[in-house]
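One structure below.
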Amino acid sequence: MLSVLRVHLPSDIPIVGCELTPYVLLRRPDKTVTTDDVPESAPLDGHFLRYKWYRIQSDRKVAVCSVHPSEQATLQCLGCVKAKITVAKSYHCSPKCFSDAWQHHRVLHDRAASAVNENGNEEEEIFGRYNSSGSGVINASLTGSASSTSLTNGSTPLYPAAVTQRSGGETWFEVGRSKTYTPTADDIGHVLKFECVIVDAETKQPVGHPNTILTSRVIPAPSPSPRRLIPVSGADLLGNLQSDGRVSSSGSFTVLSYNILSDSYASNELYSYCPSWALSWPYRRQNLLREIVGYRADIVCLQEVQNDHFEEFFAPELDKHGYQALYKRETNEVYSGNIHTIDGCATFFRRDRFSHVKKYEVEFNKAAQSLTEVAVQTTQKKAALNRLVKDNVALIVVLEAKFSNQGADNPGKRQLLCVANTHVNVPQELKDVKIWQVHTLLKGLEKIAASADIPMLVCGDFNSVPGSAPHSLLAMGKVDPMHADLLVDPLAILRPHSKLTHQLPLVSAYSSFLRGVGLGLEQQRRRMDPTTNEPLFTNCTRDFIGTLDYILYTADSLTVESLLELLDEDSLRKDTALPSPEWSSDHIALLAEFRCVPRPRR
């Protein structure tokens, strides 16, 4: 007979909006063990599994700390209540917690105060909104009545609740009848109970006792402070708002580049400082999706997207938001794991803004094969391939705009755009390989540019800091022959050094923060390195903080209108590296708004 051996949850802490799917270990009638489901529609040996979820609601209301969500709140910031900031952000577990978080917390009050302009209209932010007026802070004890307001949240349960049992001051409400349950705002602060029982398929009666497991208290999904789009061209951002909340005007478009941290790399050993529940893929994928969708970019370039996650999650989910998806998986000559978990580059674009014209796939392994055939001695070919073959790829997409940039001079001209998306995932010591891959990509883009009058964008994680040879090649069009990186060249693939050039007029988008004119730029300039014209960091872990990610554009055909504000160390909570409960990658997203400009006549 079918029997349940064990039931356990993949995460200790349930989070609003993140699916909970318990592992149920079964013994089949033939004594084999499995985790496969046995639904009523396909009973096994006359039996199936029935699931139920309950919310255990105590007579005593509980609020959760906004900084330490596994802790019960004891204080509430009444300044947040006055300013109409999301109530979940107002709770703290102790005076020390509130004091330590104050530098970060006060940003919510400052933004709430500035979100109402002189006319009383709300200012739209690129990721999240605050509608408020006050900024004062009062540290007060949390009362039962203050707590209860955050628990109801004015919403109706998705599943009709039924009182199942009441004892000892607790009431059990049935909230779900499937194996998977997604906690809602109504569950915040409450314990959930999962029940699994074997049922006779004929009588529909339970057989034996149910197997149950209790969760920790449900916590709200942590959300980072909104990141605003900062104008750099002197234009008024409010003038660029669209009815659907996007900030690009009819003649401009936005591009997002983001290394989302593949689940296969997100180990507890590597990121021990991040809570395990915040590192789990079911949590991270929802948090990443919420962030990506919130930016409302017209073009989205993602790196480290696992093959299975692209097909099963990102492509279908972003399709719901109007995006068409293109993907290039990394090759697997070096990779020895599950082919479905190989990561790659994914490019998405809004179907209402662009149409797909052409796609080019760059496999650096193939380029390595060609190089060794002509430039490496026969006796060195095997060693050369071992050094050069790293499975990296680039995805190049040519799009046609469905909006006009041309004005009266060229009313009927097609507006094409070429977007390159890559991840140069090469060990730091192989500097020659990294430079060679970047040079190979740029030479491919030069060929496309030679065949068509087309603006270009180059996005990605290049694993190269500002001032390195790959960065110099990208942003300056050449590498100083005396650059220290060129000393590492055992295969002589970088010689002569004079060949390390390209003719694309590429400029790093974020350098516009140092050249631009507009409000709010002074704060952003403090987050830039004036010696390299790049952000102080785009990657922030306990072991490394620096810039590895870039959006570059051809300056003779595109101009930067605005940029997504950079994070600084105050935006990341004290002693916190990435990933964290708020930010689900070890990289930060970069986003730029561009406008096409007429090329100068030659």
Side-chain angles (χ1 to χ4, degrees), residues 13-18 57-58 60-116 122-125 127-155 183-191 216-228 275 277-278 283 287 290-291 294 567 570-576 580-583:
I13 301 177
I15 304 126
V16 170
C18 296
Q57 196 153 322
S58 171
R60 186 171 65 90
K61 304 297 183 183
V62 176
V64 177
C65 175
S66 62
V67 180
H68 307 101
S70 58
E71 300 295 327
Q72 184 176 330
T74 61
L75 302 173
Q76 184 178 30
C77 172
L78 298 186
C80 289
V81 177
K82 179 182 176 184
K84 299 180 183 178
I85 293 169
T86 307
V87 71
K89 294 179 180 290
S90 67
Y91 295 122
H92 297 268
C93 57
S94 68
K96 184 178 186 304
C97 167
F98 184 76
S99 176
D100 289 346
W102 172 242
Q103 190 172 14
H104 170 81
H105 186 84
R106 70 181 298 176
V107 174
L108 302 180
H109 294 250
D110 294 342
R111 284 186 171 164
S114 64
V116 178
E122 293 180 25
E123 176 182 322
E124 179 77 49
E125 295 193 357
F127 181 30
R129 307 173 187 173
Y130 292 109
N131 174 19
S132 59
S133 57
S135 59
V137 176
I138 301 174
N139 186 1
S141 296
L142 180 63
T143 64
S145 60
S147 168
S148 64
T149 60
S150 72
L151 302 178
T152 58
N153 207 28
S155 60
T184 69
D186 294 316
D187 298 319
I188 294 174
H190 300 295
V191 171
S216 302
R217 294 186 187 277
V218 176
I219 66 171
S223 60
S225 298
R227 293 176 64 188
R228 297 169 296 176
W277 59 266
Y283 172 75
N287 205 34
R290 187 162 47 240
E291 181 186 359
L567 295 181
D570 292 337
S571 300
L572 304 175
R573 287 181 176 152
K574 188 178 179 181
D575 299 326
T576 297
S580 68
E582 290 83 9
W583 305 100

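Note that these values count all heavy atoms, side chains included, but never hydrogens, waters or copies made by symmetry.
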The test is side chain to side chain contact (heavy atoms under 4.5 Å, CB included); show your working for V16 and D187 and say whether it passes.
CA-CA 8 Å; V16 170; D187 298 319; 5.7 Å; no

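- Taking each heavy atom of N287 and W583 in turn, the nearest pair found is ND2-N, 4.3 Å.
- Taking 4.5 Å as the limit, some side-chain heavy atom of P14 sits within range of a side-chain heavy atom of S216.
- Using a 4.5 Å heavy-atom threshold, the side chains of W102 and S99 count as separate.
- The two residues R290 and A221 make their nearest non-hydrogen contact at NH2-CB, 3.6 Å.
- The structure places SG of C65 at 10.5 Å from CD1 of I219, a figure rounded to the nearest 0.5 Å.
- Contact between Q76 and V81 at its shortest, heavy atoms only, is NE2-CG2, 3.5 Å.
- A side-chain donor-acceptor contact under 3.5 Å links Y283 to the backbone of P581.
- To the nearest 0.5 Å, atom OG of residue S90 and atom NE2 of residue H105 are 7.5 Å apart.
- Taking NZ from K82 and NE2 from H109, the interatomic distance works out to 11.0 Å, rounded to the nearest 0.5 Å.
- Here OG1 of T184 is found 9.0 Å from NE2 of H190. Values are rounded to the nearest 0.5 Å.
- With contacts defined as side-chain heavy-atom distances shorter than 4.5 Å, the pair C80/Y91 does not qualify.
- Within the model, atoms CD1 of I85 and SG of C77 stand 7.0 Å from one another, a figure rounded to the nearest 0.5 Å.
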